[in-house]
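Keep in mind that what you see is a predicted model, and the values were worked out from it rather than measured. Indexing begins at 1, ligand by ligand and atom by atom, following the structure's order.
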Amino acid sequence: MDTFSKAERSAIMRGVRGKDTCPEMAVRGMVHRLGFRYRLHRGDLPGKPDLAFAGRRKVIFVHGCYWHGHTCRAGRNRPSSNTEYWIAKLDRNKTRDAANRRRLRRLGWGVLTVWECELKSAEKLRARLARFLAGGKL
Ligand SMILES: [Zn+2]
C-alpha cells in the first residue's frame with residue numbers, strides 16, 4: 001500500500017539519496033555542538049559510517065527511513081509500482097546495514113543508527129547522541 005502521493009514519493013527518493021543529505025548534516029551539527037570530533041565516511045570501516053569517533057571507537061549511521069527500512073511510517077511505506085524490484089532493493093539495503101553493524105561490533109566498535117524521523121524531536125535526539133558518545137559500555 002502506497003500512502004504517499006507521487007510528488008511526495010519523488011521528494012523522498014531525491015531527499016535521502018547519497019552523502020551529505022540533510023539529516024546527516026543536522027546530526028553532524030548536533031554532534032559538533034556537543035563537542036565531539038569525528039571523521040566522515042571512513043572507507044576502511046564496514047559500511048563507511050557517516051561519522052566515526054576513533055578515540056571512542058564509536059560510529060554513527062544516519063539513515064533515511066525509506067531507503068533503510070525503518071519501522072516508522074515512512075519506512076514501512078512500500079512502492080506501488082515496479083513493486084518486486086523496489087522491495088528486493090530495499091530488503092538488500094536492510095540486510096547490508098545489519099551485516100555492516102555486525103562486522104563493526106565484531107571489530108569492537110559501538111554502533112548507533114540515527115533515523116531521519118528522529119530529527120523531528122531534536123531535544124530527544126541530542127540527548128541520545130550525548131548518551132551514546134559519552135557513555136562507556138553500550
Ligand atoms: Zn523513521
**Q** Apply side chain to side chain contact (heavy atoms under 4.5 Å, CB included) to A122 and list each qualifying residue two or more places apart in sequence or on a separate chain.
**A**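 With sequence neighbours excluded, A122 shows a side chain to side chain contact (heavy atoms under 4.5 Å, CB included) to M30, R126, given in chain and number order.
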
**Q** Minimum heavy-atom separation for L133 and R56, please, with both atom names.
**A**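 Reported closest heavy-atom pair: O-NH1, 3.0 Å.
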
**Q** Check the pair D50, Y38 against side-chain contact (heavy atoms from CB on, under 4.5 Å), reporting the backbone distance first and the verdict last.
**A** CA-CA 9 Å; D50 296 306; Y38 50 82; over 6 Å; no

**Q** Everything protein-side that's N, O or S and under 2.8 Å from the Zn ion (ligand 1): list it, residue and atom.
**A**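 Protein N/O/S atoms under 2.8 Å of the Zn ion (ligand 1): C65 SG, H70 ND1, C72 SG, C117 SG.
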
**Q** Got a donor-acceptor contact below 3.5 angstrom from the K58 side chain to the G135 backbone?
**A**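 At least one qualifying donor-acceptor pair exists.
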
**Q** Using atom types as modelled and distance alone, determine if a side-chain donor or acceptor of R105 lies under 3.5 Å from a backbone N or O of V111.
**A**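 Yes, R105 side chain to V111 backbone: donor-acceptor pair under 3.5 Å.
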
**Q** Taking the six-membered ring for Trp, are W115 and H70 parallel (under 30°), tilted (30 to 60°) or perpendicular (over 60°)?
**A**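 Rings of W115 and H70: parallel, as their planes differ by under 30°.
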
